[in-house]
Number of protein chains: 2
Amino acid sequence: MAIKKDASKNIKEVLRDQINGKLLLPLQKLPSERELSELFSITRISVKSALDSLEIEGLIYREDRRGWFVSPPRVKYNPLSRCHFHQMISEQERIAETQLLGVKSMMAPSSIATILALSELTPIHVLERLRYIDGRAVLFVENCLISEFFPDILSENLAQSLTTLYEKKYGFKNSRSHFDFIPTSAPEHVAHALNIRPGQQILKICRVNYNQHHQIIDCEFEYWRPDAVIISIDNRESF
Amino acid sequence: MAIKKDASKNIKEVLRDQINGKLLLPLQKLPSERELSELFSITRISVKSALDSLEIEGLIYREDRRGWFVSPPRVKYNPLSRCHFHQMISEQERIAETQLLGVKSMMAPSSIATILALSELTPIHVLERLRYIDGRAVLFVENCLISEFFPDILSENLAQSLTTLYEKKYGFKNSRSHFDFIPTSAPEHVAHALNIRPGQQILKICRVNYNQHHQIIDCEFEYWRPDAVIISIDNRESF
DNA sequence: ATTGCCATATGGTCTAGTCCAAACTATTAT
DNA sequence: ATAATAGTTTGGACTAGACCATATGGCAAT
């Protein structure tokens, strides 16, 4: 009786072995849920439950109504480094792309006003961008800029590094950033952009940036596909 | 037709509203899955799916065969601060406890040897500890110490701060730490200790510590209940 | 070549149950 | 009082289907 496992444990172990043993390669499609349920003689619900679990582990991911696929290796991401996104990714021999989804100008809603430490009605620009690694959408980014710091920014190419733009066009240097990392679920608009289910787990990063005059100039919300990233931080002391 | 929602969306929204509106308070028990399925006239599977989703969001958590409960607010955790766990928690007016689960002495397996940059067979001590906030087990910690750096450490009280012990007994100061933050799922022994399902999402933190001589002396694996924590890091530049 | 349409494959969601194991509770025997 | 026991409640796991919405690819009309 020690050999016999739960149905879902068995399929999980088999698939994990296949992936770890490189019999299933990154980006490769798994058999459909119906095929798996026949192969393992279990119902589709049990198959789904096993796949859900492997998804949480970060081994596979789903594309809505297309199927299940093996996750590529995670990229290392050091938010504290000066390095731009594209540079950081290409150093890992992966290909990064950035797509500008849209720009809105509005009054800061209370949730954002709190983060930006605004005490009165203040206009902001909100950029929505989607970032790809090796062609897969893995990161949804929302930048909220305090408009008065960035006159005429909307005429620039906003698919590039904002940090560079801040410095070249406005002379801003980063003096401080604050980061919050929160394991939570994807809001509707994020889920849609990343082609994941609303409510799926995600790693949310809230970043607040200060310029060289110690003023908060913008904040950023990053939503990472949880299987795509390792946050990697090195902390050397200066003493 | 715009009013009618999916069954699971409806129950999710109702429960989320109840929690956000403080009608359901932290640590309070939700009605049982069977009661909810009757209340909302949906099957238990749909109820479970909605609860799963709220769990991922971090609003509720389950205790095996006991029920579903409203998550307390997240604690802020800054791994880069010098601050001890107990101090950090009590500054947030929460109560921290630490329980030593066990100590093993062994040869470093390859996975750990790699992290500790060991090139040959090396004895290590492995401490397993469980940390509670307000009586709830939220953090499983595994410390892997290179034995030769810590003679006689097993005779000490290991439920206290290890950092303090390193300094007082061995004169070690931390000169550098490296952190990896990985959203993944709970391994079996971790799930058991935290009373969560094997395979449930977790935030894993791998930490490697260097002493004042720039030697790696130990590493630590932290497994956080994902609804219990916000990682909060402040990055001031020195230029 | 392009466009529009349709069939198919696929995952998303749901119904209506069953059986099981662990946690808890109330009762009973000592 | 204490300990053993039996019943109840609870979530965990599963069966065996159903219908829906969308992504895709092939085909036909333009």
Side-chain angles (χ1 to χ4, degrees), chain A residues 1-2 4-13 15 27-56 60-70 135-137 185-186 188 191-201, chain B residues 1-2 4-13 15 28-56 60-70 136-137 185-186 188 191-201:
Chain A
M1 69 176 73
K4 201 65 186 169
K5 308 273 172 72
D6 300 32
S8 75
K9 272 198 182 174
N10 183 36
I11 179 174
K12 265 175 68 175
E13 280 171 19
L15 290 176
L27 303 180
Q28 194 175 334
K29 188 177 176 304
L30 270 54
S32 75
E33 294 181 357
R34 285 171 177 84
E35 282 172 325
L36 288 171
S37 84
E38 282 200 12
L39 281 170
F40 289 85
S41 305
I42 53 180
T43 59
R44 231 183 101 207
I45 286 191
S46 305
V47 170
K48 286 175 93 71
S49 148
L51 295 174
D52 284 349
S53 173
L54 291 171
E55 180 186 46
I56 289 173
I60 61 175
Y61 65 99
R62 71 181 92 196
E63 290 194 12
D64 194 34
R65 273 162 258 261
R66 296 221 318 119
W68 291 86
F69 303 84
V70 178
R136 178 174 167 234
S185 63
E188 198 97 27
H192 186 257
L194 288 174
N195 189 26
I196 61 180
R197 277 189 312 177
Q200 187 179 327
Q201 62 160 353
Chain B
M1 66 175 75
K4 200 65 186 168
K5 308 272 174 74
D6 300 33
S8 74
K9 271 199 182 173
N10 183 36
I11 178 173
K12 266 176 66 176
E13 281 171 18
L15 290 175
Q28 193 174 335
K29 187 175 177 305
L30 270 55
S32 75
E33 295 181 356
R34 287 172 176 82
E35 283 173 324
L36 288 171
S37 83
E38 281 200 13
L39 282 170
F40 288 86
S41 305
I42 54 180
T43 60
R44 232 183 101 206
I45 287 191
S46 305
V47 170
K48 285 176 95 71
S49 147
L51 294 174
D52 283 349
S53 172
L54 291 171
E55 180 185 45
I56 290 173
I60 62 175
Y61 66 98
R62 70 181 91 194
E63 289 193 13
D64 195 34
R65 274 161 258 261
R66 295 220 321 120
W68 290 86
F69 302 85
V70 179
R136 178 174 167 234
S185 62
E188 198 97 24
H192 184 256
L194 288 174
N195 189 24
I196 61 181
R197 278 188 311 175
Q200 187 180 325
Q201 61 161 354

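What you see below is based on every heavy atom in this structure, not just the backbone, and it leaves out hydrogens, waters and symmetry mates. Note on naming: letters A, B, ... go to the chains in the order of the sequence lines (proteins, then strands), and numbering restarts at 1 for each one.
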Ile196(A) has an atom CD1; how far is it from atom C1' of dG11(C), in whole Å?
15 Å

Would you please confirm or rule out a distance under 4.0 Å between OP1 or OP2 of dG17(C) and any side-chain N or O of Thr43(B)?
no

Test side-chain contact (heavy atoms from CB on, under 4.5 Å) on Ile60(A) and Leu15(A) and set out the steps.
CA-CA 10 Å; Ile60(A) 61 175; Leu15(A) 290 176; 5.7 Å; no

Is Ile42(B) touching bases, backbone alone, or none of the nucleic acid, heavy atoms closer than 4.0 Å?
sugar-phosphate

Could you give the CG-to-C1' distance, from Asp64(A) to dT13(C), as a whole number of Å?
12 Å

Whole Å only: how far is the CZ atom of Arg65(B) from the C1' atom of dA22(C)?
5 Å

Below 4.0 angstrom from OP1 or OP2 of dG12(D), is there any side-chain N or O of Lys48(B)?
yes

Closest to the 5' end of DNA chain D, once Asn195(A) and Ser49(A) are matched to their nearest nucleotides, is Ser49(A)

Would you mind reading off the distance between Ile45(A) atom CD1 and dT18(C) atom P, rounded to a whole angstrom?
16 Å

Is there a donor N/O on one and an acceptor N/O on the other, under 3.5 Å, for the side chain of Arg34(A) and the base of dG11(C)?
yes

Is any side-chain nitrogen or oxygen of Arg197(A) closer than 4.0 Å to OP1 or OP2 of dT13(C)?
yes

Residue closer to the 5' end of DNA chain D, Pro198(B) versus Glu63(A) (nearest nucleotide)
Pro198(B)

Sugar-phosphate only, base, or nothing, as touched by Arg62(A) at under 4.0 Å among non-hydrogen atoms
sugar-phosphate

Is any side-chain N or O of Arg66(B) closer than 4.0 Å to OP1 or OP2 of dC24(C)?
yes

Side-chain contact test, heavy atoms from C-beta onward, threshold under 4.5 Å: evaluate it for Leu51(A) versus Arg62(A) and give yes or no.
no

Of all heavy-atom pairs linking Glu188(B) and Pro198(B), the shortest is OE2-CG, 3.9 Å

Rounded to whole Å, how long is the line connecting atom NZ of Lys29(A) with atom C1' of dA23(D)?
12 Å

Would Thr43(A) and Ser46(A) count as having a side-chain donor-acceptor pair, cut-off 3.5 Å?
yes

Mind calculating the distance between CD (Glu33(B)) and P (dA16(C)) to the nearest angstrom?
18 Å

Between C1' on dT15(D) and CZ on Arg44(B), what's the gap in Å once rounded to a whole number?
14 Å

Taking atom P of dG11(C) as reference, at what distance in whole Å does atom CD of Glu35(A) sit?
8 Å

Atom CG of Leu30(B) and atom OH of Tyr61(B): how far apart are they, to the nearest 0.5 Å?
10.5 Å

